[in-house]
Amino acid sequence: MNDFEVFQRNSVDLIEAPQLRQRLDKARAAGKPLRIKFGMDPSSPDLHVGHAIPLLKLRALQELGHTIVLIVGDSTAMVGDPSGRNKLRPQLTREEVETNLVTYTTQAGRILDMARTEVHRNSEWFDAMRFEDVLRLAGKATVARMLERDTFEKRMAAGEPIGVHEFLYPLMQGWDSVMIRCDVEIGGSDQLFNLLVGRELQEREGQPGQVCITFPLINGLDGRKMSKSYGNAILLEDSAEQMFGKVMALPDDVMGTWFRALTRLADAEIDALLGGHPREAKARLGQEIAGFFHGADAAARARESFDRQFRDKQAPTDIPEIAHAWPEGSVPLMVLLRDIGLAPSSGEAKRTIEQGGVKLDGQVVTDPKFALGKPAAPILVQFGKRKYARLS
RNA sequence: GGGGAGAUUCCAGAGCGGCCAAAUGGGCCAGACUGUAAAUCUGGUGGUUCUCACCUUCGGCGGUUCGAAUCCGCCUCUCCCCA
């Protein structure tokens, strides 16, 4: 695969392909790598595999020798990116941004070679701006242009609030491109508008406008946009077991997208997998993803334990031991389940018991009034599908 | 500046004096089924040692009433229309 193909593979938008070819040719001739910008939004500190898509692309480009310029949007984070949001986003304080930033770059470092990555905070230039400079920047765009953005348009139509400062976000992101003399900016497909604003600003400032490339966004486990706050995300911080399990929970029909976006498997191999047994394909996807972050061994172990627990319905091997402080006499099971932390409330425990979701030593208990005292030997408690404890 | 609409349980969205812990859908949880924590179907989905009862919840604070998410006043926030 040549450089152009690496840029292009799996992209959604590529504005404009001929310009990218030209720049690559020039760069090669001059022996100078391209400057590729990626903006990180430190407003959400936990990265998930959706964020990994552009990062993996950057990694591949970094391997080809290009310069990755990571922009930490600490100033923009105080605005809140309106992309993909139908709501006004809360403006973050500086302290929040600072703490998020640390975890963010650490996690990005699991994919990128940070030693070879140029990192800038955009406060480097925005903090120096005076109100006059802000006004000048704001004057470079029109309200009509801003309203073209579909999320603003939708929010207008839905009668939802749009903060005036939100119009500044694309301009700020675009100004970053000007400041670092960006050649190519990449981002999720929801970023196209922001990227194009950067391109326009550069041209106004007499720079060649950046090439803009976007990559697919992937949805979370439940089909909604992947987001930690929806609880539907595979986080980079997840264990191999969690990653594998969550991949297995994906709907079958997104597997192709995921393979292409998150693995480096050749298209032919992906097609072969998708043409085969769906469960096998999904397990392979899970191993690829868990393997990238945790190593192939850990991924293989994750698969084994998943098979044991869910396919073969066996208890997992690593069950937490709980030594409970038993009171005198017997305790209602529903209360016990709450006290040992398996159930969030006794009511929830009661419901789960009534629905046959609680097992003691493999025996289903359906009587919500069931009570027990301290057992002679530790008993195996199963609450729902995934929560186990060995209780003594 | 003027006029109108609205804020409901995780989300969306009904309810408009008692039958409301609050319809319905989504999410989530459980069960069945299965190739999986897919899909589909069924049930559940505020808390409290729990079938009674009690407590907390319908933007905030007060008020009317035997009784309020529902009526009144003020406040906060949002949207729309006119200027």
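Below, read A as the first sequence line, B as the second, and so on, with proteins coming before strands; counting in each chain starts at 1. Keep in mind that what you see is a predicted model, and the values were worked out from it rather than measured. Any value given below was found using the heavy atoms of this structure, including those in side chains, with hydrogens, waters and symmetry copies removed.
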**Student:** Please determine, for the side chain of A:Arg311, which listed nucleotide (B:U36, B:U49, B:C29) has the closest atom?
**Tutor:**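 Ranking B:U36, B:U49, B:C29 by closest atom to the A:Arg311 side chain puts B:U36 first.
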**Student:** For atom C1', what is the distance between B:U9 and B:G13, given to the nearest Å?
**Tutor:**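 Nearest-Å result for B:U9 against B:G13 at atom C1': 12 Å.
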**Student:** Select one nucleotide: of B:U36, B:A30, B:U49, the one nearest the side-chain heavy atoms of A:Lys282.
**Tutor:**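 Nucleotide nearest to A:Lys282's side chain: B:U36.
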**Student:** Taking atom CZ as the centre, does A:Arg308 end up with more than 12 heavy-atom neighbours from other residues, nucleotides or ligands that are less than 6.0 angstrom away?
**Tutor:**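 Yes - once you tally the heavy atoms of other residues, nucleotides and ligands closer than 6.0 Å, there are more than 12.
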**Student:** Of the nucleotides B:G35, B:A37, B:U49, which has the atom closest to the A:Phe306 side chain?
**Tutor:**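 Taking heavy atoms from C-beta onward, the closest nucleotide is B:A37.
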**Student:** Give A:Gly384 one of three labels, base, sugar-phosphate or nothing, depending on what nucleic acid heavy atoms sit under 4.0 Å from its own.
**Tutor:**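 The residue A:Gly384 makes sugar-phosphate contact but no base contact.
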**Student:** Quick check against the 3.5 Å criterion: does A:Asp133 have a side-chain atom that pairs as donor or acceptor with the backbone of A:Arg130?
**Tutor:**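 Yes; judged by distance alone, with no hydrogens or angles, the pair exists.
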**Student:** Is the backbone N or O of A:Leu14 less than 3.5 Å from a side-chain atom of A:Ser11, with the two atoms forming a donor-acceptor pair by type?
**Tutor:**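 No, because the side chain of A:Ser11 does not come within donor-acceptor range (under 3.5 Å) of the backbone of A:Leu14.
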**Student:** Mind listing the closest non-hydrogen atom pair of A:Leu236 and A:Ala52 along with its distance?
**Tutor:**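 Closest heavy-atom pair between A:Leu236 and A:Ala52: CD2-CB, 4.3 Å.
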**Student:** Which sits closer to the 5' end of RNA chain B, A:Val358 or A:Leu250, going by the nucleotide each is nearest to?
**Tutor:**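 Whichever sits nearer the 5' end wins; that is A:Val358.
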**Student:** Do A:Gln202 side-chain atoms and A:Gln207 backbone N/O form a donor-acceptor pair below 3.5 Å?
**Tutor:**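 No, A:Gln202 side chain to A:Gln207 backbone: no donor-acceptor pair under 3.5 Å.
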**Student:** What's the gap between B:C71 and B:U24 when it is taken at their C1' atoms, as a whole Å value?
**Tutor:**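 Nearest-Å result for B:C71 against B:U24 at atom C1': 27 Å.
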**Student:** If you compare every side-chain N and O of A:Ser346 against the phosphate oxygens of B:U49 (OP1, OP2), does one of them come in below 4.0 Å?
**Tutor:**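 True: A:Ser346 side-chain N/O within range (under 4.0 Å) of B:U49 OP1/OP2.
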**Student:** Inspect the surroundings of CD in A:Glu328 and state if more than 12 heavy atoms from other residues, nucleotides or ligands are less than 6.0 Å away.
**Tutor:**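 Open: at most 12 neighbouring heavy atoms sit under 6.0 Å from CD of A:Glu328.
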**Student:** Given atom CG of A:Asp238 and atom P of B:A37, what is their separation to the nearest angstrom?
**Tutor:**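 In whole Å, B:A37 P and A:Asp238 CG are 18 Å from each other.
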**Student:** Taking B:A32 as the reference, what is the distance to B:A37 when you measure between their C1' atoms (whole Å, please)?
**Tutor:**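 It comes out at 15 Å once rounded to the nearest Å.
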**Student:** Quick check: does any side chain N or O of A:Lys57 sit under 3.5 Å from a backbone N or O of A:Val6, one acting as donor and the other as acceptor?
**Tutor:**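 Between the backbone of A:Val6 and the side chain of A:Lys57 there is a qualifying donor-acceptor contact (under 3.5 Å).
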**Student:** Rounded off to whole Å, could you give me the CG-to-P distance for the A:Asp307 and B:U34 pair?
**Tutor:**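 After rounding, the gap between these two atoms is 18 Å.
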**Student:** Rounded to whole Å, please give me the gap between CD in A:Gln242 and P in B:U36.
**Tutor:**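 Interatomic distance, CD of A:Gln242 to P of B:U36: 21 Å.
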**Student:** Look for any protein N or O under 3.5 Å of an N or O in nucleotides 81-83 of chain B and output each such pair with its distance, or none.
**Tutor:**
none

**Student:** Which nucleotide, if any, forms a Watson-Crick or G-U wobble pair with B:A83, using both distances under 3.5 Å?
**Tutor:**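 Check on B:A83: unpaired, no WC or wobble geometry under 3.5 Å.
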**Student:** Contact list please: residues 290-304 of chain A against RNA chain B, heavy atoms, distance less than 4.0 Å, in numerical order.
**Tutor:**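 Within residues 290-304 of chain A, no residue comes under 4.0 Å of RNA chain B.
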**Student:** For residues 7-39 of chain A, pull every pair meeting ring-ring contact (aromatic ring centres under 6.0 Å, His included), keeping only residues two or more places apart or in separate chains.
**Tutor:**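 Listed once each, the pairs are A:Phe7-A:His66.
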**Student:** If you go through the side-chain atoms of A:Gln355, does one of them form a donor-acceptor pair with the base of B:G43 closer than 3.5 Å?
**Tutor:**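 Such a pair exists between side chain and base.
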**Student:** Looking at B:G47, I'd like to know if its phosphate oxygens (OP1 or OP2) sit under 4.0 Å from a side-chain N or O belonging to A:Ser345.
**Tutor:**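 Yes, within the criterion.
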**Student:** Is the shortest side-chain N/O distance from A:Arg386 to OP1 or OP2 of B:C29 below 4.0 Å?
**Tutor:**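 A:Arg386 to B:C29 OP1/OP2: side-chain N or O found under 4.0 Å.
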**Student:** Looking only at atom C1', what distance separates B:A5 and B:C10, rounded to whole Å?
**Tutor:**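 One C1' to the other, the span is 26 Å.
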**Student:** Take atom CG of A:Leu337 and atom P of B:C50, then tell me their distance rounded to the nearest Å.
**Tutor:**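 Those two atoms, CG and P, are 16 Å apart.
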**Student:** Once you apply the 3.5 Å cut-off to both distances, tell me the Watson-Crick or G-U wobble partner of B:C41, or none.
**Tutor:**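 For B:C41, the partner nucleotide comes out as B:G31, under the 3.5 Å rule.
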**Student:** Watson-Crick or G-U wobble partner for B:U56, using a 3.5 Å limit on both distances?
**Tutor:**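 Here B:U56 is not engaged in any pair, so there is no nucleotide opposite it.
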**Student:** When both hydrogen-bonding distances must be under 3.5 Å and the geometry is Watson-Crick or G-U wobble, what is B:A7 paired with, if anything?
**Tutor:**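 Check on B:A7: paired to B:U76, both distances under 3.5 Å.
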**Student:** Using the C1' atom on both, measure B:A53 against B:G3 and round to a whole Å.
**Tutor:**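 My reading of the C1' atoms in B:A53 and B:G3 gives 50 Å.
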**Student:** Would you please say whether a donor-acceptor pair under 3.5 Å links the side chains of A:Gln287 and A:Arg303?
**Tutor:**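 Yes - a donor-acceptor pair under 3.5 Å links their side chains.
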**Student:** Kindly give the heavy-atom pair with the smallest separation between A:Val184 and A:Leu20, and that separation in Å.
**Tutor:**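 Heavy atoms of A:Val184 and A:Leu20 come nearest at CG2-CD1, 4.1 Å.
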**Student:** Which part of the nucleic acid does A:Lys385 contact within heavy-atom distance under 4.0 Å: base, sugar-phosphate only, or nothing?
**Tutor:**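 Sugar-phosphate: the residue A:Lys385, judged by heavy atoms under 4.0 Å, touches backbone atoms but no base.
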**Student:** Heavy-atom nearest nucleotide on RNA chain B for A:Ala249 versus A:Pro327: which residue maps closer to 5'?
**Tutor:**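 Per heavy-atom nearest nucleotide, the more 5' residue is A:Ala249.
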**Student:** When you measure from the side-chain N and O atoms of A:Arg338 to the phosphate of B:G47, is any distance below 4.0 Å, counting only OP1 and OP2?
**Tutor:**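 Looking at the OP1 and OP2 atoms of B:G47, neither is under 4.0 Å from any side-chain N or O of A:Arg338.
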**Student:** Between atom CD1 in A:Ile353 and atom P in B:G31, what is the gap in whole Å?
**Tutor:**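 The answer, rounded to whole Å, is 13 Å.
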**Student:** For atom P, what is the distance between B:C58 and B:G46, given to the nearest Å?
**Tutor:**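 That atom pair is separated by 16 Å.
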**Student:** Using whole Å, report how far NE2 of A:His277 lies from P of B:U34.
**Tutor:**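 After rounding, the reported distance stands at 13 Å.
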**Student:** With sugar-phosphate meaning primed atoms plus P, OP1 and OP2, does A:Gly356 contact a base, only sugar-phosphate, or nothing at under 4.0 Å between heavy atoms?
**Tutor:**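 The answer is sugar-phosphate, as A:Gly356 gets under 4.0 Å only of primed atoms, P, OP1 or OP2.
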**Student:** Is there a side-chain polar atom (N or O) of A:Lys369 under 4.0 Å from OP1 or OP2 of B:U51?
**Tutor:**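 Affirmative; the distance criterion is met.
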**Student:** Can you tell me the pairing partner of B:A68 across any strand shown, Watson-Crick or G-U wobble, with both distances under 3.5 angstrom?
**Tutor:**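 Base-paired to nothing in any strand shown.
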**Student:** Can you measure A:Gln309 atom CD to B:A37 atom P for me and round it to whole angstrom units?
**Tutor:**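 Going from A:Gln309 (CD) to B:A37 (P), I get 10 Å.
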**Student:** Should B:C20 form a Watson-Crick or G-U wobble pair with both distances under 3.5 Å, which nucleotide is its partner?
**Tutor:**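 By the stated definition (distances under 3.5 Å), nothing pairs with B:C20.
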**Student:** For A:Lys282 and A:Asp252, which heavy atoms make the closest approach, and how far apart are they?
**Tutor:**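 Where A:Lys282 meets A:Asp252 most closely, the heavy atoms are NZ-OD1, 2.8 Å.
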**Student:** With respect to the side chain of A:Met334, which nucleotide from B:C50, B:U49, B:U36 is positioned closest?
**Tutor:**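 Looking only at heavy atoms from C-beta outward on A:Met334, the closest nucleotide is B:C50.
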**Student:** Between B:G62 and B:U76, how many Å separate the two C1' atoms, rounded to a whole number?
**Tutor:**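 Taking atom C1' in both B:G62 and B:U76, they lie 15 Å apart.
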**Student:** B:G67 and B:A30: how far apart are their C1' atoms, nearest whole angstrom?
**Tutor:**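 Straight-line distance between the two C1' atoms is 38 Å.
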**Student:** Starting from the C-alpha separation in whole Å, work towards a yes-or-no answer on salt bridge (Lys or Arg N to Asp or Glu O under 4.0 Å) for A:Glu185 and A:Arg199.
**Tutor:** CA-CA 9 Å; A:Glu185 176 162 10; A:Arg199 182 177 157 95; over 6 Å; no
**Student:** A:Arg351 has an atom CZ; how far is it from atom P of B:U49, in whole Å?
**Tutor:**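 So the CZ-P distance, A:Arg351 to B:U49, works out to 13 Å.
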**Student:** Heavy atoms under 4.0 Å, any strand shown: does A:Glu348 hit a base, just sugar-phosphate, or nothing?
**Tutor:**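 Sugar-phosphate: the residue A:Glu348, judged by heavy atoms under 4.0 Å, touches backbone atoms but no base.
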**Student:** Would the A:Phe167 and A:Phe152 ring centres measure less than 6.0 Å apart?
**Tutor:**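 Judged by ring-centre distance (under 6.0 Å), A:Phe167 and A:Phe152 do meet the cut-off.
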**Student:** Taking atom types as they are modelled, would you say the side chain of A:Arg279 forms a donor-acceptor pair with the base of B:A38 within the 3.5 Å cutoff?
**Tutor:**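 Answer no: no donor N or O sits under 3.5 Å from an acceptor.
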